[in-house]
Amino acid sequence: MAKIRTSTASAALPSDVESEDAHGTAPAEMLSISQRAMRRNAEPYLDALNPEQREAVETLDGPLLVLAGAGTGKTRVLTTRIAHLLRLGRANPGQILAVTFTNKAAREMKQRVSGLIGGVVEGMPWLGTFHAIGVKILRRHAELVDLKPSFTVLDTDDQIRLIKQLLEAENIDEKRWPARVLAGMIDGWKNRGLRPERVPDGESYGFANGKGRALYSAYQRRLKDLNAVDFGDLLMENLRLFQDHPDVLERYQQRFRYMLVDEYQDTNVAQYLWLRLLAQTNANICCVGDDDQSIYGWRGAEVDNILRFESDFPGATVIRLERNYRSTAHILGAASGLIAHNQGRLGKTLHTDGDDGEKVVVQGCWDDEEEARVIGEDIEQLQRQGHTLNEIAILVRASFQMRAFEDRFITLGLDYRVIGGPRFYERQEIRDAIAYLDVTLNPSNDLKFERIVNVPRRGLGDATLKSLHQLARASEIPLTQAARLIVETEDLKPKPRRALSALLSSFDRWRSLVDTMRHTELAELILDESGYTGMWQADRSQQAEGRLENLKELIHFMEEFDTLAGFMEHVSLVMDAATEEGTDRVNLMTLHSAKGLEFDTVFLPGWDEGLLPHQRSLDEAGRSGLEEERRLAHVGLTRARKNAKISFAQNRRTYGMWQTAVPSRFIDELPHEHVEVAEDNGTASMRGYGPSRFDSEEMFATGNYETPGWQRARANRQRGGGPRHEPITIEGTLVAASTAEGSGIQLGQRVFHQKFGYGRVASIDGNKLTVDFEKAGRKKVVDTFVEPV
DNA sequence: AACTAATACTTTTTT
DNA sequence: AGTATTAGTT
């Protein structure tokens, strides 16, 4: 994310997320002055492009595949192409279909297009994610696929709950055949565009001895009963709509005169079929992607889609963008040399006019803790040299690797942020809140109702729910309706009967307010009156506060919408946690979530055999798995602008057992001329002795009180620890020698600890204290490691 | 319904 | 190893 750049050449353009501003050849200089002047008036945005990019923008008719390597300006091409289409009057905004995979990408594209065309054109109704556009089309023609236009979109939780019920009804042992496994299989089938009847026998046998297909059909029937779709259906039902109703398809074919697809290498079969149907007649489809960055094969993405493009779309033009504006020649050389080991690529050679820069550094470490320590030192070094933490990233293969870094950074007092991780929308409290809102609007949403009937506890336990289910199933009515009937009978004991009745009238009351009350106020009211907020307020655990914060943020987020219904429409599809910017922090994330980002310095730890080519990838997908892992490594390297450092650990704990690790084969695949092996000359005394547990002592031992970490620790102490954010998990067992006498610390004393921050002493056992830390929770520590405040 | 004990999990995750 | 869920008990 380029933030600090004063670009003169592209001053008229909005700032790029991928750095694409330094262009070698300006095509404009080859023209006469008058030509240039004329063109400048007509299409000023074209001047910012290199010849290949420009060709990709100006090739408007027929199928076009733009193979855009990392850092070659693909987003710029896409957005400029849209601007160009509009500028030339080839299409109006409503006639352009532009699909992305993420909301972030869609947002960014919208912004950049409106920047290019001066914000004159109001919106692009068909610019969005596959799923968002899928819903939009489906709502308009819901009846044609046996849905009501008000259908709801299930999230994964609902999906699992529904499948659990099905398994129960079929008397299938959920232990042997877990619901999430079936959910995964159904998802996989939908990714491939397979309806139940088309599921291959072999795969159907993969679940509950051949019940796979039948369960899939049953699941689909239940969805229809509930007037609901899952994520996969958004595409599947679109396909059904188009296939069964050619007239509808034709209307969309005519409407979408130009189609653009971002990240084409990530499309799955269903998405491909959808695109192909829409592109059948006019075929002005432009797909942008990079086969070398396909890293979602395990989620159903088909690299084949991009490899087959030319045969799928006869007469296609293919343009390669190989001029990289991001990385130094050494980084590019290393990345290219590595990816060259993959077979079955379309083949691109990235090059740059820029400097050679520094070689890629490779360093071996004793174990993962040393790895974290070394990288921590490197970062402090960079910081001393005036580098910004925001421009430093650590990219790991698997999230468990993050822990060592978090521990180390907390010790050093180094600010960091975790990118990715559990999404806002996936948090329990958010889903609960949404369930309340959803049931208010849509009483027949059984899954959501079930989720919150007894949250907070109202004495409506399993027994009550069971009778409700029985009645609902017998009379084929929604649970809320069954509830209405049952409270009129003597079937329930008085207590649950009253509780249920109260809940129903609450929902009725809230529903009556939907049209009159402001939706944000109503939401607050609902969460309040239902006792939901109160539940968390009464909760004394450390997370409760964060949950309340999240609920506030949810309400805040709602303000962007005009109505509750409008909010609900978007909530399941477009809600991601805001990445807090502004503060200077090291970025920590998985390689997967790093795609599309870039940083000056990138650390790539954990290049161990079995971790970077991940064992499971190898086991499950053989050579293609290996190649995907190699692409992952390639994505990692190409995130770096100036510096990349690869490291591996010789010892790593897997599931609690120490294991010797072997350096990744990818390390030896890097071309020698671009690599430098790190000298083993770190902080002298500590090298080679394995992990040190005594970080504070280590600082004394090295005699260096002036490291940035030490200074920060001091500063932190003064301003009270500094704010910490949610995803940090602080873990650690301090193994310390016992000292004889106590240090005058008393029960309830407020104390400060280097690693855990502030807390209050809960119990004392000799020199061992149990402390309830404000951020880190309850820990056992030795008294010499804390000081009274 | 709330506690403890046992047991099962542990790759990546755009919507 | 460590956590997170679940089963079994009070």
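Keep in mind that what you see is a predicted model, and the values were worked out from it rather than measured. Every heavy atom of this structure was used, including side-chain atoms; hydrogens, water molecules and symmetry mates were not. Lettering follows sequence order; numbering is per chain, from 1.
- Using bins of under 30°, 30° to 60° and over 60° for the plane-to-plane angle, the ring pair A:W536/A:Y532 lands in the perpendicular bin.
- Look at CG on A:D157: it is 15 Å from C1' on B:dT13, rounded to the nearest Å.
- As rounded to whole Å, 7 Å separates atom C1' of C:dA1 from atom CZ of A:R653.
- When the P atom of B:dT12 is taken as reference, atom CD of A:Q615 falls 16 Å away, rounded to whole Å.
- Applying the 4.0 Å criterion to OP1 and OP2 of B:dT15, one finds that A:N103 has a side-chain N or O inside that range.
- Side-chain N/O atoms of A:R616 include one lying less than 4.0 angstrom from OP1 or OP2 on B:dT11.
- Residue side chain A:W298 meets the stacking definition with respect to B:dT12: its ring centre sits within less than 5.5 angstrom of the base's six-membered ring centre, and the planes differ by less than 30 degrees.
- Here the nucleotide nearest the side chain of A:R403, chosen from B:dT15, B:dT12, C:dG2, is C:dG2.
- If you measure from atom CD of A:Q428 to atom P of C:dT5, you get 9 Å, rounded to the nearest angstrom.
- When the P atom of B:dT13 is taken as reference, atom CZ of A:F101 falls 16 Å away, rounded to whole Å.
- When the side-chain nitrogen and oxygen atoms of A:T590 are compared with OP1 and OP2 of B:dT13, one or more of them lie within a distance under 4.0 Å.
- Aromatic stacking of A:H614 on B:dT11: satisfied, with centres closer than 5.5 Å and planes within an angle under 30 degrees.
- A:G134 comes within contact range of no nucleotide atom at all, as no heavy-atom separation falls under 4.0 Å.
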Inset, instruction - Decide yes or no on ring-ring contact (aromatic ring centres under 6.0 Å, His included) for A:Y296 and A:H592, but give the supporting numbers first. - result: CA-CA 8 Å; A:Y296 283 104; A:H592 282 90; 5.3 Å; yes
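- B:dT11 and C:dA4 have their P atoms separated by 14 Å, given to the nearest Å.
- Both tests hold for A:R139 against A:F151: distance to the six-membered ring centre under 6.0 Å, angle to the ring axis within 45°.
- Evaluation of atom-type donor-acceptor distances gives no pair under 3.5 Å for the side chain of A:R299 against the base of B:dT11.
- Atom CZ in A:F400 sits about 17 Å away from atom C1' in B:dT13, given to the nearest Å.
- Taking atom CD on A:Q401 and atom P on C:dA1, their separation rounds to 20 Å, with Å as the unit.
- Taking only side-chain atoms of A:H131, from C-beta outward, the nucleotide of B:dT15, B:dT11, C:dA1 with the closest atom is B:dT15.
- If you find the closest nucleotide of DNA chain B to A:R457 and to A:E620, the one lying nearer the 5' end belongs to A:R457.
- A:Y296 comes within 4.0 angstrom of a nucleotide base, judged by non-hydrogen atoms across all strands.
- Rounded to whole Å, atom P of C:dA1 lies 17 Å from atom CG of A:D407.
- Contact check on A:E609 versus A:R665 returns a salt bridge, with a Lys/Arg side-chain nitrogen under 4.0 Å from an Asp/Glu carboxylate oxygen.
- A:D155 and A:Q159 are not linked by any side-chain donor-acceptor pair at a separation below 3.5 angstrom, with hydrogens and angles left out of the test.
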